[in-house]
Amino acid sequence: MNDADSPRTNFIRDLILAGNASGKHGGRVHTRFPPEPNGYLHVGHAKSIMLNFGLAEEFGGKCNLRFDDTNPTKEETEYVESIIEDVKWLGGDFGDRLFYASDYFQQLYDWAVDLIKKGKAFVCDLSGDQVRETRGTLTEGGRNSPYRDRSVEENLDLFARMKDGEFPDGSRILRAKIDMASPNLNKRDPVMYRILRAEHHRTGNRWCIYPMYDWAHGQCDSIEGITHSICTLEFEDHRPLYDWYLDQLSVFHPQQIEFDRLNLTYTLMSKRKLLQLVQRGVVEGWDDPRMPTISGMRRRGYSPQGLRTFARNLGVSKTTGLTEFEMLEYYIREDLNRTAPRVMTVLRPLKLVLTNYPEGQAEFLEAVNNPEDADAGKRSVPFGGELCIDREDFRETPPKGYHRLYPGNEVRLRYGYIVKCHDFVKDPATGEITEVHCTYDPETRSGHQTRRVKSTIHWVSAAEAIPVEVRLYDKLFTAENPNETPDGQDFTMYLNPKSLEVVQGKAEPSLANARPGDRYQFERLGYFCVDKSSKAERLVFNRTAELRDTWAKLQKRL
RNA sequence: UGGGAGGUCGUCUAACGGUAAGACUGCAGAUUCUGGAUCUGCGUAUCGGGGUUCGAAUCCCUGCCUCCCAGCCA
């Protein structure tokens with residue numbers, strides 16, 4: 001843990017502090033991060049990971065990684081593997097404490113038998129529809145199941161036979177016997193077990209009955225000695241049930257604490273909807289750089305430290321909020337600014353000819369790798385009479401306030417010379433500018449004290465530059481909250497058709513050694529990360545984030 | 001309409017009966033061989049109405065608004 005990760009106060013931390021002060025759990029703090037392996041982790045999970053692991057670390061405790069794998073119809077090993085990778089990547093240290101709810105299926109079954117013996121659970125033969133009909137509504141209580149008063153013996157027998165596979169899927173359930181009139185729907189004789197013949201990713205076909213979340217979660221927490229079971233707000237209503245089960249069993253009783261999940265503007269956080277994007281091919285996969293998944297962000301170039309700092313600065317509360325995406329970007333940029341080596345790359349090449357540059361001359365210019373990091377060193381960049389600059393950096397007729405290249409104006413070539421534009425070539429058919437002609441001033445080579453110019457632009461040497469494919473990503477959605485749709489519409493109406501633009505650029509030759517996952521700052525453009533599909537002979541970069549661009553902002557206002 | 005949980009700058013959070021603070025965003029300026037970074041400045045925010053108190057974002061009453069819950073999902 002470093003300074004940027006150092007704990008920040010929040011109500012959960014206060015709760016723990018207060019508990020410790022009163023001697024609760026002997027001052028022990030043990031949390032858990034309990035994902036269901038039914039999809040990839042997203043930034044929202046990053047918040048939870050940082051909270052759970054961070055709290056454990058701060059109080060000298062431990063945090064378990066536990067897969068909540070009680071629904072074999074949705075869970076897969078692929079998800080388990082990606083989740084483990086993501087948690088580790090974010091720095092979540094679960095040591096050897098990698099657990100599964102399915103590890104406890106037998107114990108859960110035995111406890112269910114205990115509850116039956118205590119007359120607190122019964123086998124119900126109602127169909128799904130009937131259960132729903134008898135559950136009542138938000139304003140009216142439900143009706144007791146006609147099977148509610150079966151004898152303990154009959155319940156024991158039926159439950160055993162449910163487990164033994166004597167009954168078809170969905171034909172019977174085990175329910176807790178609580179109170180059908182409870183204003184809390186969760187306590188209206190909730191389902192504990194359902195019959196489900198599906199291959200479980202770990203237990204295979206050993207079981208054909210599976211515990212429901214409410215029946216499993218608290219008991220798993222108890223088994224693992226979890227002291228603080230932190231979950232999101234929507235489980236607030238479940239806490240009475242969480243407590244009820246633990247009380248009936250008279251076992252170690254963890255405390256469930258709820259906090260607000262992360263919501264980000266222009267982002268979807270629902271695994272169900274993210275899965276749809278993957279299945280419909282809207283994105284390349286769960287790790288598409290436009291996805292709000294941890295793996296997508298990793299591929300996009302977000303650093304674990306950037307994400308960690310973001311999570312820490314979010315704060316934790318019980319108020320439902322919508323965090324601005326800009327805040328995330330800020331912390332990502334902040335980290336990348338400190339750590340990413342600078343390099344020059346041209347996205348949309350435009351030929352720049354230095355008309356007075358000596359024929360056949362070539363030279364190398366010295367460039368700083370990272371002005372924010374003295375230890376990053378320097379490198380040599382080849383320079384010559386034919387260069388490429390970005391089309392953005394030349395205008396035939398400059399708008400007001402434009403300081404870059406235009407006829408008659410001079411700019412500095414980064415780490416090179418001051419050049420002055422005296423001509424340009426335009427394709428008469430298309431109107432496209434194909435060449436810009438400048439003279440350079442040999443007296444102004446970088447490092448020499450010379451006159452100042454208003455702008456410095458980046459460039460690459462036409463002869464030595466290497467081709468690169470650059471994927472320019474933009475927001476996946478055009479609406480701040482893609483969940484809020486008009487009647488009859490769904491979130492896909494807000495998909496941004498321009499969320500990806502691919503360009504063929506040119507990069508300085510030092511980039512030839514770039515390996516997948518390497519992060520760079522392309523000077524004046526933004527942060528970029530080598531994609532996993534990148535090959536030495538065909539480099540592919542993903543744009544992580546643009547640099548803050550006050551010029552673009554100015555223009556937008558006009 | 002039943003139950004649960006919440007309402008503090010544009011956004012996210014702090015203040016735990018004693019000067020409403022920070023970060024992000026935005027704006028203005030300084031600086032700069034990245035229109036980056038950095039630095040400086042700029043904030044009419046406690047949902048409304050009552051009350052208790054010397055003093056209320058905080059305690060009480062009341063009204064309003066928002067979110068969650070009727071899966072054999074988690």
Side-chain angles (χ1 to χ4, degrees), chain A residues 8-10 14 34-36 38 68-71 73-75 124 126-128 131-133 135-142 169-175 182-188 190-196 209-210 212-214 216-217 231-240 258 260 262 265 271-272 310 313-331 333-334 337-338 342 344 368 371-372 401-404 411-416 418 444 446-447 450 452-458 521-526 546-554:
Chain A
R8 209 183 120 149
T9 187
N10 62 58
D14 292 345
E36 182 190 12
N38 67 341
D68 217 331
D69 55 351
T70 56
N71 183 359
T73 64
K74 292 184 177 174
E75 297 151 6
C124 178
L126 255 25
S127 70
V131 169
R132 192 179 327 118
E133 285 161 17
R135 183 155 29 225
T137 66
L138 290 179
T139 52
E140 305 154 35
D169 285 10
S171 60
R172 284 179 224 264
I173 49 179
L174 182 74
R175 301 175 75 173
S182 172
N184 182 341
L185 292 274
N186 294 121
K187 291 182 81 174
R188 316 239 261 233
V191 180
M192 294 171 65
Y193 276 96
R194 73 280 213 189
I195 303 174
L196 210 57
I209 57 171
Y210 289 93
M212 297 289 290
Y213 166 85
D214 288 303
H217 205 92
C231 62
T232 45
L233 253 26
E234 66 270 28
F235 291 102
E236 232 154 7
D237 283 350
H238 294 246
R239 181 159 22 101
E258 311 84 13
D260 180 43
L262 169 66
T265 55
K271 278 199 263 183
R272 201 191 98 247
F310 167 65
N313 281 286
L314 272 174
V316 177
S317 74
K318 294 188 71 128
T319 45
T320 303
L322 181 60
T323 300
E324 289 173 337
F325 188 80
E326 286 75 7
M327 184 165 166
L328 206 210
E329 275 210 316
Y330 172 83
Y331 289 105
R333 285 199 192 105
E334 182 195 51
N337 176 51
R338 284 177 18 245
R342 271 60 168 174
M344 289 196 286
V368 170
E372 306 292 326
Y402 187 84
H403 302 315
R404 281 110 100 148
V411 300
R412 173 173 288 284
L413 296 178
R414 179 81 159 147
Y415 298 122
I418 291 175
T444 60
S446 190
T450 54
R452 293 191 169 167
V453 289
K454 282 201 165 175
S455 186
T456 297
I457 66 172
H458 59 100
Q521 183 196 102
F522 290 179
E523 294 224 24
R524 300 209 306 133
L525 298 175
E546 293 181 85
L547 250 28
R548 182 178 280 117
D549 190 344
T550 54
W551 167 242
K553 201 177 289 174
L554 271 175

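Hydrogens, waters and symmetry mates are skipped; everything else that's a heavy atom, side chains included, is used. Computed from a prediction, not measured in an experiment: that's the story for all the values here. Chain letters run A, B, ... following the sequence lines, proteins first, then strands; residues in each count from 1.
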K.L.:
Pick the P atom in B:G50 and in B:U44, then give their distance to the nearest Å.
P.N.:
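So the two P atoms sit 25 Å from each other.
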
K.L.:
Would you indicate what A:R338 reaches in the nucleic acid, counting non-hydrogen atoms under 4.0 angstrom: base, sugar-phosphate, or nothing?
P.N.:
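Answer is nothing: A:R338 stays at 4.0 Å or more from every strand.
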
K.L.:
Need one value for A:I195: base, sugar-phosphate or nothing, where a base atom within 4.0 Å counts as base even if backbone is also close, heavy atoms only.
P.N.:
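A:I195: no heavy atom of the nucleic acid under 4.0 Å.
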
K.L.:
Measure from CZ on A:R414 to P on B:U32 and round the result to the nearest Å.
P.N.:
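One finds 14 Å between P of B:U32 and CZ of A:R414, rounded.
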
K.L.:
Return one dot-bracket line describing RNA chain B 5' to 3' (Watson-Crick or G-U wobble pairs, both distances under 3.5 Å; ( ) same strand, [ ] crossing, | another strand, . none).
P.N.:
.((((((..((((....[..)))).(((((.......)))))....(((((..]....))))))))))).....

K.L.:
Considering only atom P, compute the distance from B:G36 to B:A28 and round it to an integer number of Å.
P.N.:
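Approximately 13 Å lies between the P atom of B:G36 and that of B:A28.
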
K.L.:
Polar pairs (N or O, both sides) under 3.5 Å between protein and nucleotides 67-71 of chain B?
P.N.:
{"residue": "B:A70", "atom": "O2'", "partner": "A:R135", "partner atom": "NE", "Å": "3.4"}
{"residue": "B:G71", "atom": "OP2", "partner": "A:R135", "partner atom": "NH2", "Å": "3.2"}

K.L.:
Suppose you measure atom P in B:C42 against the same atom in B:C64; what distance do you get, rounded to whole Å?
P.N.:
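Each nucleotide's P atom is 41 Å from the other's.
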
K.L.:
Within the structure shown, what part of the strands sits under 4.0 Å from A:Y402 by heavy-atom distance: base, sugar-phosphate, or nothing?
P.N.:
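Base contact.
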
K.L.:
Ignoring hydrogens and angles, are the base of B:U38 and the side chain of A:E372 linked by a donor-acceptor pair under 3.5 Å?
P.N.:
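Looking at the base of B:U38, it does not pair with any donor or acceptor on the side chain of A:E372 (distance under 3.5 Å).
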
K.L.:
Is the closest side-chain heavy-atom distance between A:H403 and A:V411 below 4.5 Å?
P.N.:
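They are not in side-chain contact.
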
K.L.:
Answer yes or no for this row: A:W551 ring on B:G35 base, centroids under 5.5 Å, planes under 30°.
P.N.:
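Yes, the aromatic ring of A:W551 stacks with the base.
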
K.L.:
For a quick check of understanding: with a heavy-atom distance under 4.0 Å over all strands, which category does A:Q521 fall into, base, sugar-phosphate or nothing?
P.N.:
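Contact class for A:Q521: base.
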
K.L.:
When you check the gap from the basic side-chain N to the acidic O, do A:K318 and A:E236 get nearer than 4.0 Å?
P.N.:
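Counted as a salt bridge, because a side-chain N and a carboxylate O are separated by less than 4.0 Å.
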
K.L.:
A:H403 near the nucleic acid: base, sugar-phosphate alone, or nothing, with a heavy-atom cut-off under 4.0 Å?
P.N.:
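Base: the residue A:H403, judged by heavy atoms under 4.0 Å, touches a nucleobase.
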
K.L.:
Could you tell me whether A:E36 and A:K74 make a salt bridge, using a distance below 4.0 angstrom between a side-chain N and a carboxylate O?
P.N.:
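No salt bridge links A:E36 with A:K74.
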
